[in-house]
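Nothing here was measured: the structure is a model prediction, and the numbers come from that model.
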Amino acid sequence: MYGLLFLTLKQIVLRKYSEERWKELLQKSGWTKGDPVEDVDYDERLLFDLVMTAAELLSTEPEALLESVGHYFVIHLQSKYDKVLNIAGDSLPELLSNVNSMHGHIKMAYFRKLAPPNISVSDVKDNSMVVHYYPGKASRGGSLAPLMIGIIKALAELQFKIASVSITQQDSPADDNNHHIFSVKWANPKSQQPNSFSDDSPNIEEAHSLNLSFGINARQLHTICPFHIVVDRKLKIVQVGRSILRFLPRLKIGAPLGQFFSLLSPETVSITDGSQFEEVVNASRTDPFILQLVRLDSHQPPSPQLGDETPRGPSSRIVHLRGQFIYEQNKDVLIYFASPMLETLDHSHKLALNLSDFATHDPIKDLMFTKQFNQIDTTKIVLQSPDFFAKTSPRPLFRLH
């Protein structure tokens, strides 16, 4: 679990007790990792054990303390990451729906081994919704559900100025103790639109009801998304973009998606089970999908670690794709719109990719060039004399004098 939650608990304790008392609390709870660090992903069981010990020290119930941790956690987010929260959504349901996407970006940029929780929203109405919460890892300690209650209430109050919010935890499905369900209701839905561009702009629900008349054909799809993959209801490949064939030159239509790709994120669904089509459809509404690929002529298994680009010969380098599945109802297929996860131009070269393999609009090219130029130390650039060019190219098209 993200270390920021541990530091939030620390601040709650320090509001009443000294630093020495906090250290005693760590020792009593069995904590052996030193002082918590904000950008470290700890096991959530450690947080639960720490909360149980702190609740005894503060003479409060663990559930109430967890809810307080959630509340102060949001306060910290607003003080440090307010710009992120401001673009996360224009309403409470929309922000919660985007949490998985934000976690995906954080995971890719900073914490490749992060196992964040999965959050989804259903039954959204003008002043109510249902929130589904799955811990990042199966809970081995007690429930952290009160933490989620505190976070939702704080977001409603502090981010959207909603005066009154009531949250009721519903019974979890009998076969899934890690699925926590919350019924959320609030009193003033109109105050949830602080960031609307204009009063005349359609909201998301209205936009979905617009009469959309234009689309693209398969050839145009190859142009604007050369790394796309199309799978049928059995999760078998029925079409791929031209650049996918750079990695899978022997791929045959009809092959199972899971034969050549492993799913790194989200962890709540599977692409190796052909019966999970509907689950992939549902998860794709909120989660980016990260697929790991190994070329057909590779005799080595996929790397277990995301972001491992260690060269293993020209035919066995690991490739990661990041994108989104879109359900195409007329054909009853899923289309995976993706782009490879690359960090530098050298990384692209090792994967035998060149600029022609990317769509013209793909921003990954700009990011790679920017990072490449940022790595150049301009203080060490030496301007060469004309004699240098004469020696390098004795028969140039023109000479410098």
Side-chain angles (χ1 to χ4, degrees), residues 1-11 36-42 44 47 67-121 124 129 131-136 144 147-162 165 182 184 186 191-198 201 203-204 265-266 283-290 306-307 322-324 339 341 343 363-364 366-367 370-371 374:
M1 174 154 297
Y2 198 42
L4 181 55
L5 289 170
F6 290 81
L7 293 180
T8 302
L9 176 60
K10 177 181 178 179
Q11 292 304 314
V37 180
E38 178 175 330
D39 58 357
V40 172
D41 185 32
Y42 298 102
E44 69 172 29
L47 177 62
E67 190 170 325
S68 295
V69 171
H71 181 90
Y72 285 103
F73 174 71
V74 172
I75 291 177
H76 184 88
L77 289 181
Q78 283 193 317
S79 66
K80 193 171 183 179
Y81 305 104
D82 58 316
K83 294 181 179 179
V84 175
L85 288 176
N86 288 339
I87 66 167
D90 292 336
S91 68
L92 182 59
E94 188 177 18
L95 186 151
L96 292 174
S97 296
N98 287 328
V99 167
N100 293 341
S101 177
M102 290 190 290
H103 280 155
H105 290 297
I106 293 171
K107 183 175 182 176
M108 293 306 99
Y110 303 105
F111 311 111
R112 294 294 176 89
K113 296 182 180 180
L114 182 69
N118 183 281
I119 298 171
S120 62
V121 177
V124 178
M129 64 179 171
V131 177
H132 304 263
Y133 166 72
Y134 299 84
L144 294 178
L147 175 72
M148 191 64 196
I149 293 176
I151 290 175
I152 295 174
K153 285 183 176 180
L155 285 173
E157 175 186 346
L158 303 176
Q159 188 69 14
F160 299 106
K161 312 304 179 186
I162 299 176
V165 179
F182 306 95
V184 184
W186 56 89
S191 65
Q192 290 187 70
Q193 308 295 336
N195 299 320
S196 297
F197 184 76
S198 72
S201 301
N203 58 33
I204 293 177
S265 179
S284 65
R285 296 189 177 105
T286 57
D287 294 347
F289 275 66
I290 301 169
L306 181 61
R322 186 179 192 278
Q324 178 180 4
S339 188
M341 295 169 58
E343 297 181 355
I364 189 67
D366 296 323
L367 293 174
T370 299
K371 187 167 184 177
N374 287 341

For this session: Mind checking the CZ-CG spacing from F73 to L4? Nearest 0.5 Å is all I need.
Result: 5.0 Å
Exercise. Would you say Q78 and L158 make side-chain contact, with heavy atoms under 4.5 Å?
Worked result: yes
Exercise. If you look at every heavy atom in P266 and P288, which pair is closest and at what distance?
Worked result: CD-O, 3.6 Å
Exercise. Looking at side-chain heavy atoms only, is the closest gap between K153 and V74 below 4.5 Å?
Worked result: no
Exercise. Are the side chains of I162 and E157 in touch, meaning some heavy atoms are under 4.5 Å apart?
Worked result: no
Problem set entry | CG-CG distance between N118 and D287, expressed to the nearest 0.5 angstrom | 5.0 Å
Problem set entry | Distance-minimising heavy-atom pair for V69 and T8 | O-CG2, 3.5 Å
For this session: To the nearest 0.5 angstrom, please state how far the CH2 atom of W186 sits from the CD1 atom of I152.
Result: 10.0 Å
Exercise. Any side-chain heavy atom of V84 within less than 4.5 Å of one from M102?
Worked result: yes
Seminar exercise, completed: Smallest heavy-atom separation, Q324 atom then S284 atom, equals NE2-O, 3.8 Å
Problem set entry | Side chains of L147 and L5 in contact at under 4.5 Å (non-hydrogen atoms) | yes
Seminar exercise, completed: Tightest non-hydrogen contact, residues M129 and L96, listed as CE-CD1, 3.4 Å
Seminar exercise, completed: In this structure, CD1 of I119 is separated from CG of L95 (nearest 0.5 Å) by 9.5 Å
Exercise. Under a 4.5 Å cut-off applied to non-hydrogen side-chain atoms, are F289 and S265 in contact?
Worked result: no
Exercise. Given side chains that start at C-beta, do those of Q11 and H76 come closer than 4.5 Å, heavy atoms only?
Worked result: no
Problem set entry | Rounded distance [0.5 Å steps], CG in N100 versus OG in S120 | 7.5 Å
Exercise. Can you find a pair of side-chain heavy atoms, one from E67 and one from I151, that are under 4.5 Å apart?
Worked result: no
Exercise. What distance separates L155 CG from L85 CG, expressed to the nearest 0.5 Å?
Worked result: 7.0 Å
For this session: Taking all heavy atoms of P117 and all of Y133, pick out the closest pair and write down the distance.
Result: CB-CE1, 3.5 Å
Problem set entry | Heavy-atom closest pair, residues L92 and A156 | CD2-CB, 3.8 Å
